[in-house]
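What follows is a set of notes on a single structure, which appears directly below.
Each chain gets a letter, A, B and so on, in the order the sequences are listed, and its residues count up from 1.
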There are 2 protein chains.
Amino acid sequence: MVLIAHPRPGSFNHALAAVAAERLIEDGYEVSLHDLYVEGFHPVITAEETRTYGADAEQVVAATGDALVRRHRELIREATTLVVVHPNWWGKPPAILAGWLDRILVPGIAYRLDAAQGVPTCLLKLRRLVVLNTSDTPPQREAAVFGDPLEAIWTRCVGEYLGDAIVSRTVFAPLAGSTPAQRESWLARTATLVSTPT
Amino acid sequence: MVLIAHPRPGSFNHALAAVAAERLIEDGYEVSLHDLYVEGFHPVITAEETRTYGADAEQVVAATGDALVRRHRELIREATTLVVVHPNWWGKPPAILAGWLDRILVPGIAYRLDAAQGVPTCLLKLRRLVVLNTSDTPPQREAAVFGDPLEAIWTRCVGEYLGDAIVSRTVFAPLAGSTPAQRESWLARTATLVSTPT
């Protein structure tokens, strides 16, 4: 399952997602590629959907009236690899992807909590989460000034709920002012990153 | 300007926002209180709205066809204090507030960048950002396991764009299992937090 969250068709994020999807297909995966903007994913979880504590997956999948949300929940339950591609906006994913987390990785689908403050049990088959980010901020400034919260969101907050899945995150930055040769090398690196380790 | 991002009317987040708004009114502020769910704020920035680099504020305000977005942009330009109230979801704000950042704090309204990788110049009149969060995760676990990315998002990523505004963030946790007395004390603390220092 490959997700892309970028508003402009033809963005470098789209090129990264395309390379990732192509390489996964070459590696023998069945790939579902989702441009959340093109699909019109609606990221605002409803009050009803937040009342799923303790429900099992079939009930939870059926508990939304949003057919696209139901479809994404079905797909993530079957996925063994998740690739997400997005720019760094305010140290978080764009809202459309922030809401994908809110609405898709819900209790009963992604994990089970036996107590509200407890340690989650992962319900997914995911073996790998590969995060590919772009940013206009040089890595040193991101770390020193902004504290790189996206690293914690993906590798720690989300990662903690993914059981034994291996989480990797790669940032391509600064994108603004990058040369064609630099971007080519980032695309080549992406193909290597998503390829199944041999 | 007070923002609340929580799907369930009557939530403790709503109580926090109400107390904050009331205290600001008592302190002599003109308060605009915005329940983003009730207003139906649409958090997905459009491709057109991302093409605002270098535009000035009047052009940027007019550059969206979304009347609510225009209104929020006008309000944030006049605000001296911003209070945001939201739960911790995956170490980030709920999507509806994530998208408020994406669509409202845009170049030409919130800041000016003279170079894509440069240091921002704040365009707002904000003197204070007060962030009030709820979470079911005890503070020790949040820091040790999850790395508390919301702290970096608000105080560092957003804070860096707010010029000399003072950013404070307070987390009320764990909310699950909290007693009425505990929640009363959190509400009282909120009133103190938002009150103008004398």
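In terms of hydrophobic clustering, with Ile, Leu, Val, Met, Phe, Trp and Tyr side chains grouped at heavy-atom distances under 4.5 Å, B:L187 and B:V171 are assigned to different clusters. Put simply, A:L123 and A:Y161 are part of two different groups of oily side chains (I, L, V, M, F, W, Y) that touch within less than 4.5 Å, one to the next.
Atom CH2 of A:W89 sits about 10.5 Å away from atom CZ of B:R103, to the nearest 0.5 Å. The NE2 atom of B:H6 lies 6.5 Å from the OG1 atom of A:T50; values are rounded to the nearest 0.5 Å. Taken to the nearest 0.5 Å, the CD atom of A:E160 stands 10.0 Å off from the CH2 atom of B:W90. In this structure, CG on B:D136 lies 9.0 Å from CG on A:L113, to the nearest 0.5 angstrom.
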Using the side-chain contact (heavy atoms from CB on, under 4.5 Å) rule, take B:R141 and A:V119 through it: C-alpha gap first, then chi angles, then the decisive distance, then the call.
CA-CA 10 Å; B:R141 178 168 159 81; A:V119 175; 4.1 Å; yes

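Across A:D102 and B:A95, no two heavy atoms sit closer than the pair OD2-N, 3.0 Å.
At a 4.5 Å heavy-atom cutoff, the contact between B:L105 and chain A is made by backbone and side-chain atoms alike.
Surrounding CD1 of B:I166 are at most 12 heavy atoms belonging to other residues, nucleotides or ligands under 6.0 Å away.
Put simply, of B:N88, B:I96, B:T155, B:L101, the one with the most heavy-atom pairs under 4.5 Å next to chain A is B:L101. Between chain A and the options B:P94, B:S11, B:A47, the largest number of non-hydrogen pairs under 4.5 Å is found for B:A47. Comparing A:T46, A:L36, A:L97, A:I45 by how many heavy-atom pairs each has under 4.5 Å with chain B, the most go to A:I45. When the candidates B:G91, B:P9, B:C157 are compared by the number of heavy-atom contacts under 4.5 Å with chain A, B:C157 comes out ahead.
With sequence neighbours excluded, no residue satisfies side chain to side chain donor-acceptor pair (under 3.5 Å) with A:T80.
Annotation: residues 142-153 of chain A contacts chain B through A:A143, A:A144, A:V145, A:F146, A:G147, A:P149, A:A152, A:I153 [non-hydrogen atoms, separation under 4.5 Å].
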